[in-house]
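Index from 1, following the sequence. Every value quoted in this text rests on a predicted model; they were computed, and no experiment measured them.
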Amino acid sequence: MANLTVGDMLDRAQAFEHRLQDFYATVRDASSSDGVRLLTHYLSRHRDHLPNALAALSPSTRHRIRCATIKYDDTAFRPERTFAELEVPANVDSRGVLDIAIELVTELISFYNWINRQPIGSEVKALIQSLLKIEETHVVELKKTRAMDYF
């Protein structure tokens, strides 16, 4: 285990969100379905979750949170492996895109839960819990969208 800053962990989460955005753009560009293209455009907004949560904090609070240290087990979050193993079927439909999105956001939730179980200060814990709430709500919305077969 290595000691890293919470800022490093948040940067990893932000990189994951940007990879999600790139993934959705790839799916959008490969699809001829208007529903899939609309859905992936909506899903790419996920990249705003973390910056929006951080923007709600004062600059001094953000700085303290980013500088806090945490013991990091490299197996806790390996998005490069996730994206390397991810294959999108050629004719993916909106339901398939939603299934993949739910799986990927659930991985991010697992990462935030892992951080939340570490000995962290109250400011860090409050931020992580707010991120968990955002992502858990997002998964519920994705599951509802999938159940409604909207796209």
**OP:** Output, in order, the C-alpha distance, side-chain angles, deciding distance and verdict of salt bridge (Lys or Arg N to Asp or Glu O under 4.0 Å) for R45 and D48.
**Re:** CA-CA 6 Å; R45 294 185 205 162; D48 297 332; over 6 Å; no
Original post:
Who are the side chain to side chain contact (heavy atoms under 4.5 Å, CB included) partners of A25, not counting sequence neighbours?
Top reply: R28
**OP:** Kindly write out the residues that satisfy salt bridge (charged side-chain N to carboxylate O under 4.0 Å, His left out) with D8, not counting sequence neighbours, or none if the list is empty.
**Re:** none
Original post:
Between L104 and R19, does a side chain to side chain contact (heavy atoms under 4.5 Å, CB included) hold up when you go through it step by step?
Top reply: CA-CA 10 Å; L104 293 172; R19 282 185 164 188; over 6 Å; no
Nearest 0.5 Å, please: how far is [atom2] in [Y] from [atom1] in [X]?
| X | Y | atom1 | atom2 | value |
| --- | --- | --- | --- | --- |
| I120 | T69 | CD1 | OG1 | 11.0 Å |
| K143 | I102 | NZ | CD1 | 6.0 Å |
| L132 | I115 | CG | CD1 | 9.0 Å |
| Y112 | N116 | OH | CG | 12.0 Å |
| N52 | I134 | CG | CD1 | 7.5 Å |
| L108 | E135 | CG | CD | 5.0 Å |

Original post:
Which pairs pass side-chain hydrogen bond (donor to acceptor under 3.5 Å, both in side chains) with one or both residues in residues 58-67, sequence neighbours excluded?
Top reply: D11-R66, S58-S60, S58-T61, T61-R64, R64-E123
Subject >> Stepwise side chain to side chain contact (heavy atoms under 4.5 Å, CB included) test for L54 and L127 >> reply: CA-CA 8 Å; L54 289 170; L127 172 64; 3.7 Å; yes
**OP:** List the steps and the verdict of side chain to side chain contact (heavy atoms under 4.5 Å, CB included) for T40 and V97.
**Re:** CA-CA 8 Å; T40 54; V97 171; 4.1 Å; yes
Original post:
Does the side chain to side chain contact (heavy atoms under 4.5 Å, CB included) test come out yes or no for Y24 and I100, once each step is laid out?
Top reply: CA-CA 10 Å; Y24 295 136; I100 292 168; 5.6 Å; no
